[in-house]
Amino acid sequence: MGAILHTLNPRYSPAQLVYILNHAEDKVLIIDPTFIPLVEGVQDQLNFLETIIIAAEKSAIPENNLNNACSYDDLLEQESSEYQWPELSEDTSSALCYTSGTTGNPKGVLYSHRSTILHAISIAGTMGFHSSSAVLPVVPMFHVNAWGVPYSALINGFTLVLPGHALDGESLYELVQQESVDCLLGVPTVWLGLLQYLEGKGLKMESVDQVLVGGSAAPYAMIKAFDEQHDAFLTHGWGMTEMSPLGTINTQTKKAMSLPTEERYQLQTKQGYPMFGVEIKTVDDDDKELPRDGEASGALKVKGPWIMHTYFKAEGPAVDDEGWFDTGDVATIHPDGCMQIVDRAKDVIKTGGEWISSIDLENAALTHENILEACVVGVPHPKWDERPLLFLITKDGNQIDKQEINDFLLEKVVKWWLPDDIIFVKELPHGATGKLLKVDLREEYKEHLMEK
Ligand code: AMP
């Protein structure tokens, strides 16, 4: 219809939501009734908002103080059932997602009809979806529009199964059984719960033959569990909001399937091969391309028809003179073209598929009157992939009660941002330019949350 669909992540703090809604200049807000209190609290700060549509039947809408709100039913009643679709140029904007995968405020990535459709056509082929597939994305729409899968379902005619709010192992298993789902998609954290439930009950998913995992690295144990217990192949993919999202994928090739089992699992832990149309390279600190020898690692750069050039409303382009976008990931490319992520250069922590800005958390801690220096690093966590640790130097040299710090932080950040542990130190490692050397701390504390 020519409007731009902006899918919003409700887990942001109210202040961040206000920033994003105003930055996007959103005019119409469509919400579930559960979000009425949240919107009531911020609606006066939303500068462009004209209408709120509550996506529920009239009878399911509680009393509220929303300005200019109507139910979805009301909206439909007022409209004719005929609609003249406009003719739009393929470069017209179609959707907008914000990402915190960089420093500073969340940034907007604006997709066009062209980029979205090219990506949606391509992923169906690479993921092996066809009209008889039933695909269950356990990925929110605000995470790159559920990885583009809903668009792909429309184009390719496969069945799209949506989980709603119930993401626990039992509910997911029942949905898989009921709809004979053959492909699952989601971040690793989601599958831990499902695998645990199935193992505990001695159940097997008979219909599923593929599980597409991305957003964070797929662990070896998960690849093995899906194969051994469910005869399901874990297809490991890598991408970003800025890439619509898919960039590389590690599919079930003849070559992979002919490897001895353990070797194949090892191969599956890598992020895979670039999709048709996507180019990748790794570069050193001088932007010189590195050899594809499976050893040299450097900044991973990408280019392609569904990869962003400029963040929404940003002044300059996000790509270099030759059009390469620096992903902020550090990778190795193997001689056969397989890409493997080895580290992340961005100063952000990815927990259960969502970002925490270490800088924002440090700044929040630094407003405490007795804190001299603060440093936040992400360390491995058995359930959430990564969780934040907060290192503190106090002004008086004494420790502060951890609960007091958490209560203080809660005034500034949302609860799931709170550090999993707070560690008091006498000094923090600094580089030549005065920057905190987080790599050293990450290495030293990499087992800290795994042992608990
Ligand atoms: P987002 O834009 O929130 O989807 O985050 C994109 C970032 O998630 C990437 O730049 C990586 O840092 C990380 N990521 C995505 N997929 C993978 C993967 N398969 N392995 C490791 N990191 C990943």
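Ligands are counted one by one from 1 in listed order, and the atoms in each one are counted from 1 as well.
- Relative ring orientation between Trp191 and Phe226 is described as perpendicular, the plane-to-plane angle rising above 60° on a 0-90° scale split at 30° and 60°.
- Each of the atoms 1 (P), 3 (O), 4 (O), 5 (O), 6 (C), 7 (C), 8 (O) of ligand 1 lies under 4.0 Å from some heavy atom of Lys350.
- At least one heavy atom of Gly239 sits less than 4.0 Å from an atom of ligand 1.
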For residues 269-276, dump all side-chain donor-acceptor pairs below 3.5 Å to protein atoms at least two apart in sequence or in another chain.
from	atom 1	to	atom 2	distance (Å)
Thr269	OG1	Gln266	O	2.6
Gln271	OE1	Ile341	N	3.0
Tyr273	OH	Asp336	OD2	2.7

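- Looking at Thr241 against ligand 1, both its backbone and its side chain come within 4.0 Å, counting heavy atoms.
- Within the set Trp355, Trp147, Trp238, Tyr98, the minimum heavy-atom distance to atom 7 (C) of ligand 1 is found for Trp355.
- Numbered from 1 in the order shown, with element, the atoms of ligand 1 that lie under 4.0 Å from a heavy atom of Arg344 read 12 (O).
- Side-chain polar atoms of His119 and Tyr111 form no donor-acceptor pair below 3.5 angstrom.
- Ranked by closest heavy atom to atom 13 (C) of ligand 1, the top entry among Gly272, Gly215, Ser216, Ala331 is Gly215.
- Ring pair Tyr445/His448 is perpendicular by interplanar angle, where above 60° counts as perpendicular and below 30° as parallel.
- Counting only heavy atoms of the protein, atom 4 (O) of ligand 1 lies nearest to His143 NE2, 2.8 Å.
- The aromatic rings of Tyr311 and Phe325 sit perpendicular, their planes meeting at an angle over 60°, well past the 30° parallel limit.
- Ligand 1 lies out of reach of Gly328, whose nearest heavy atom is not under 4.0 Å from it.
- Closest heavy-atom approach to atom 19 (N) of ligand 1 within the set Gly214, Gly237, Ala217, Ser100: this belongs to Gly237.
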